[in-house]
Trainee: 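Have a look at this one.
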Amino acid sequence: MVEIFDIKFKNPVFIASGVFGFGLKYKSVTRGVGAIFTKGITLKPRVGNPPPRIYETPAGIINSVGLENPGVKEFCNSILPRLKKLNNRIFVNVAGFTIDEYAQIVEEIGEGVTGFELNVSCPNVKEGGVLFGQDPKMVGKIVRMVRKRTRRPIIVKLTANFCDPLKIGKACVDAGADGLSLINTIFGMAFDIKRKKPIITGGLSGPAIKPFALYCLHRLKDLKVPLIGMGGIMTGRDAYEFLLAGASAVAVGTALLRDPYAPLQIIKELEVLLQNKSV
Amino acid sequence: MIKHTVKILKKEWLSADIFSLEFNLPGLHPTPGQFFQVRINETFDPLLNRPISIADYEKTRVSMVIKVVGKGTELLSKKKVGEELIVYGPLGRRLKIENKNSLLIAGGIGVAPLFFLAKRLKRAWIDFTFVYGARNPSALVLKDEIEKLTSNVIFITETGGKKSGTALSVLSELNLTVYEIGYACGPKAMLKELQKLNLGFPIYAFCEDFLGCGCGLCLGCAIKYYGRYQRICEDGPVFELKGIEFDGGDI
């Protein structure tokens, strides 16, 4: 059991946004983790990017899904009620293309969820996304705007793409963010050497980025807000490293592509490590 | 998605770069086109599992026919009889087999799921013709097994032998008016070409792609089908060829 934002969570292992659908399929996993962060929700439905959307690199993957989602109305009507029945903590990942959109989405969803994760760091969309997340003034505006619309905890998901997450994190906290999650995927690219052309550009995730993610998180440890660490967590040991670096909880993403049950294994392994402090 | 730890019971090289693996998994009722996500190793490079279609399921035994095309399949080819393997599945939408005179068109390693289909058609007493093209005679695998299923079979290779060509180039030799349904599996170029031929009966393409999760969660394996993105792993992998928009979505 952990307590973050004055809310109790059954454990500190969460499901990261984007790689687990809406958590409605593997219910034992959704119920077993501390919280689920939904897929990114936008104001209007999005069909996502054309393929290829995924590419494997050494110890990582590059994805370019492009925030495919049914839009906030459909989410509220048909997905959220089913998600709530699973009786676990739900953070809705909110992706806007304008500052107003973030506030509109949060307002539409209302107070019936645990909290919100503001996605200001998606590298796979043309407008908004990571461009917002690289600018401290812009993220500050977004957080202030959303703060007025909800009493629920606001977590901002940070990028480390071409910016200092510490500066961005400070701006978020000053504007009223309750917590920060980091890091979102980092820019990545792969080439087809036969055609001499790029195959994909998108967000790199997985064990390949773990050392960088740990470093970024550790830089923010003095900000006095809860940090949710993520980036290549595949094992309980990985999760423990993030907790040692200053995280209050961790989120599992890419590991789910390899094994949808991975978070349950990570929880077990982490429990052993936390009980045996001499490790 | 059910996770299984299985023991490799049989491994056999069928050509220089194609091998088969067999393992026991009782109680499955797989249909042709369904596949397993196969764990390559316990380290994280390669990170993702590999989708491998079911080439046969007899009593309790699963057979997979795999071509070595990259690092993942290369590592998989090094597995030995007696070693354990983690597999997830069977995955993919179930195919309803129709009682219609069928034409099966396989290109290269696309033979694997169509062999499974041919076995099921034979079991259901449904007439079918099997056309199978490969690069060269040594790359034609499962030849004897296919011949045991039907005498309506055409093998063709691009090089070697008296006659050369592709699975599509021999279609003109067939009386296409007798077929009511077709099934195809092979390289994207073959499927694209086949779509253009417009044979006059519906053709179902068994699509293969690099998958992320393999179970409908990550939305990584999108294919544009009748104007909308579908997931190859969960909504497919079998789609009506007519509806696939090759320019709007890769496979």
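Just so it is clear, the structure is predicted and the values come from calculations on it, not from any experiment. Every chain is numbered from 1, with letters handed out A, B, ... down the list of sequences.
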Trainee: Quick one: do B/Lys71 and A/Glu56 make a salt bridge, cutoff under 4.0 Å?
Mentor: no

Trainee: Which residues, numbered in order, of residues 11-20 of chain A come under 4.5 angstrom of chain B by heavy-atom distance?
Mentor: A/Gly18, A/Val19, A/Phe20

Trainee: Quick check for you: among A/Gly60, A/Gly48, A/Ala59, A/Gly21, which has the greatest number of heavy-atom pairs under 4.5 Å with chain B?
Mentor: A/Ala59

Trainee: Let me have the donor-acceptor pairs involving side chains of residues 230-239 of chain A, under 3.5 Å, with sequence neighbours excluded, atom names and distances please.
Mentor:
from     : atom 1 : to       : atom 2 : distance (Å)
A/Thr235 : OG1    : A/Arg237 : N      : 3.3
A/Thr235 : OG1    : A/Asp238 : N      : 3.1
A/Thr235 : OG1    : A/Asp238 : OD2    : 3.2
A/Asp238 : OD1    : A/Lys210 : NZ     : 2.8
A/Asp238 : OD2    : A/Met234 : N      : 2.8
A/Asp238 : OD2    : A/Thr235 : N      : 3.1

Trainee: B/Phe210 vs B/Arg50, test: side chain to side chain contact (heavy atoms under 4.5 Å, CB included). Steps then yes/no.
Mentor: CA-CA 8 Å; B/Phe210 195 86; B/Arg50 293 295 183 272; 4.1 Å; yes

Trainee: Over all heavy atoms of both residues, which pair between A/Phe212 and A/Ala160 is shortest? Give the atoms and the distance, please.
Mentor: CE2-CB, 3.6 Å

Trainee: Could you check B/Phe36 against B/Phe23 for ring pair (Phe, Tyr, Trp, His ring centres under 6.0 Å), going step by step and ending with a plain yes or no?
Mentor: CA-CA 12 Å; B/Phe36 283 94; B/Phe23 53 85; 5.7 Å; yes

Trainee: Tell me, for B/Arg231 versus chain A, whether the close heavy atoms (under 4.5 Å) come from the side chain, the backbone, both or neither.
Mentor: neither

Trainee: Identify whether the distance between the nearest side-chain nitrogen and carboxylate oxygen of B/Glu83 and B/Lys11 falls below 4.0 Å.
Mentor: no

Trainee: Could I get the full list of salt bridge (Lys or Arg N to Asp or Glu O under 4.0 Å) partners for B/Lys242, not counting sequence neighbours?
Mentor: none

Trainee: Using non-hydrogen atoms only, which part of B/Arg228 is less than 4.5 Å away from chain A: side chain, backbone, both, or neither?
Mentor: neither

Trainee: Taking only residues two or more places apart in sequence, or in another chain, which ones meet B/Arg61 in a salt bridge (Lys or Arg N to Asp or Glu O under 4.0 Å)?
Mentor: B/Glu22

Trainee: Counting only heavy atoms closer than 4.5 Å, note whether A/Pro58 contacts chain B via side chain, backbone, both or neither.
Mentor: both

